[in-house]
Number of protein chains: 2
Amino acid sequence: MPRPRTRTGALKDRLLSESISLLESGGAVAVTARRVASEAGTSTAAVYELFGDKAGLVRSIFYEGFERLAAELVAEAPCGDPYRDVVAMFDATRRFALRFPMLFEVMFARPFIEFEPGPKDFDAAAQIYTEVIRRVAALLDTGETDEVTVDAAHALVALDRGLLGSELSGVLGRSAASIERRRATAFETMIVGLRAKVVGS
Amino acid sequence: MPRPRTRTGALKDRLLSESISLLESGGAVAVTARRVASEAGTSTAAVYELFGDKAGLVRSIFYEGFERLAAELVAEAPCGDPYRDVVAMFDATRRFALRFPMLFEVMFARPFIEFEPGPKDFDAAAQIYTEVIRRVAALLDTGETDEVTVDAAHALVALDRGLLGSELSGVLGRSAASIERRRATAFETMIVGLRAKVVGS
DNA sequence: TTCTCAAAGATAACGATGTTACGAAACGTC
DNA sequence: GACGTTTCGTAACATCGTTATCTTTGAGAA
């Protein structure tokens, strides 16, 4: 008896996709309910029925970013050399950040006033966390639940996060060469130090 | 013949001060032209005459943040032990970030859509840069313009930035003990590694 | 003292945004 | 072909950034 639904999961996916396109092409300022709805061929009311509010839409973008990044990290198959496997993972993160800088900012900065990720939202990064832990454990030859492993993983993730934050802000270096040299030496220093600390204890 | 001016530098300072108060108490969403003007006892037009636009106001907040941080870092007088002097500087940064988390976010995240800092805006951090370079050069016993010094400074700043980003997001650890342990081990690992790299070459 | 007028301030309006109440549209059923 | 229910899009509201407009002010002229 009713008219057929159009505000389905498929439309939700479509709205999310259009939101990310608008985000990458025009920045956070371009992601408005009216524009997103228009791009997806629907109305603002559909956005609010499917996402609750603007924060819900941005939260979905946030989750989608972590899913895409996790997919790329897992696709980076380990080559057997634990050192290179760790570096390759962070290099993949960097490629992702440079390819989708706005999406990366939603994940690690906070370009939308409406949405501040809480502790629960970072559960979206669980798959990435697992992958990092796995490779760091292999790097240090320690157990995946060992404190030293978890601490080392946090140190490396923080270093990567800081380096990418600096690079995306344009303050890590002027030339591509200096940027990559600083990245490489920072990671090398940290990784060698972490290994030495494990061996020494 | 005209009426006396009230839109002076003093009012600009007052508006900036009220903006930061609103920012810290109510987040970025609380910093509106109307509210800032009202708190300072003036009108929105004064905000626009003194700051140009909203981005100009946020830019002033951004600058003020770097000035306050620089003042706190310089006040942290070196004790003679280069290692402890470097750690003390980053500890001071952390105290600042925990005391003014919103201001810190304006400096290193991007909570306002209106203002994205460009390379030129980071000139505001020149004084901090100088202080970091000075202490890192002392740490490594290298020249302040040496590539190794500058690279090491970037690595440490990035590590600090990443650690604080993680901590402020609530993902660095659950207990204060684990957070501080991870900070300490990360910095120790990096600093020891940087020193070893200099000595070894 | 009162009037004038130029400088300076505040008000109010405009477009755009997040959000939602409301009326319009579409389908199976009688 | 009309009805009713479900669903959808439109339009309205409050608020925001922004600026044109109008009001106020106070020293000097009459």
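All values reported here derive from a predicted model rather than from experimental measurement. So you know, we letter chains A, B, ... as the sequences are listed, proteins then strands, and number each from 1.
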Salt bridge flag under 4.0 Å for residues B:Arg181 and B:Glu188: no

Any residue of residues 44-59 of chain A with a heavy atom less than 4.0 Å from an atom of DNA chain C: A:Thr44, A:Tyr48, A:Asp53, A:Lys54

Contact residues, residues 32-40 of chain B to DNA chain D [heavy atom, < 4.0 Å]: B:Thr32, B:Ala33, B:Arg34, B:Arg35

Sub-4.0 Å heavy-atom contacts from residues 15-28 of chain A onto DNA chain D, ordered by number: none

Output field: ring centroids B:Phe62/B:Phe112 closer than 6.0 Å: no

Backbone of A:Thr149 reached by a side-chain donor or acceptor of A:Asp146 within 3.5 Å: no

Phosphate-side-chain proximity, A:Arg7 and D:dC8, N/O vs OP1/OP2 below 4.0 Å: yes

Any residue meeting side-chain contact (heavy atoms from CB on, under 4.5 Å) with B:Arg195, in chain and number order, not counting sequence neighbours: B:Pro82, B:Tyr83, B:Leu139, B:Leu140

Sequence neighbours excluded, every pair satisfying salt bridge (charged side-chain N to carboxylate O under 4.0 Å, His left out) that has a member inside residues 162-178 of chain A: A:Arg94-A:Glu167

Contact list (N/O, under 3.5 angstrom) for nucleotides 23-25 of chain C vs protein:
from	atom 1	to	atom 2	distance (Å)
C:dA25	N3	A:Arg3	NH1	3.3

Any pair counted as salt bridge (charged side-chain N to carboxylate O under 4.0 Å, His left out), so long as it reaches residues 74-86 of chain B, sequence neighbours left out: B:Glu76-B:Arg95

By ring-ring contact (aromatic ring centres under 6.0 Å, His included) - contacts of A:Phe187 (at least two apart): A:Phe90

Polar side-chain atom of A:Thr189 near backbone of B:Gly193 as donor-acceptor pair, under 3.5 Å: no

Spacing between B:Leu11 atom CG and C:dA8 atom C1', to the nearest angstrom: 13 Å

Near-strand residues of residues 110-118 of chain B, defined as heavy-atom separation under 4.0 angstrom from DNA chain C: none

A:Met89: partners by side-chain contact (heavy atoms from CB on, under 4.5 Å), with sequence neighbours left out: A:Leu73, A:Glu131, A:Val132, A:Arg135

Any A:Ser43 side-chain nitrogen or oxygen under 4.0 Å from OP1 or OP2 of D:dT10: no

Sugar-phosphate, base or nothing in reach of A:Val29, heavy atoms under 4.0 Å: nothing

Salt bridge (charged side-chain N to carboxylate O under 4.0 Å, His left out) contacts in which one or both residues fall within residues 25-47 of chain B, not counting sequence neighbours: none

Lys/Arg-Asp/Glu bridge criterion (N-O < 4.0 Å) met for B:Arg68, B:Glu72: no

A:Phe51 six-ring face occupied by A:Lys12 cation (under 6.0 Å, within 45°): yes

Any residue meeting side-chain contact (heavy atoms from CB on, under 4.5 Å) with A:Tyr63, in chain and number order, not counting sequence neighbours: A:Arg59, A:Asp121, A:Ala124

Student check: side-chain heavy atoms of B:Leu164 and B:Thr93 closer than 4.5 Å: yes

Pair A:Arg161-B:Ser169, side-chain donor/acceptor within less than 3.5 Å: yes

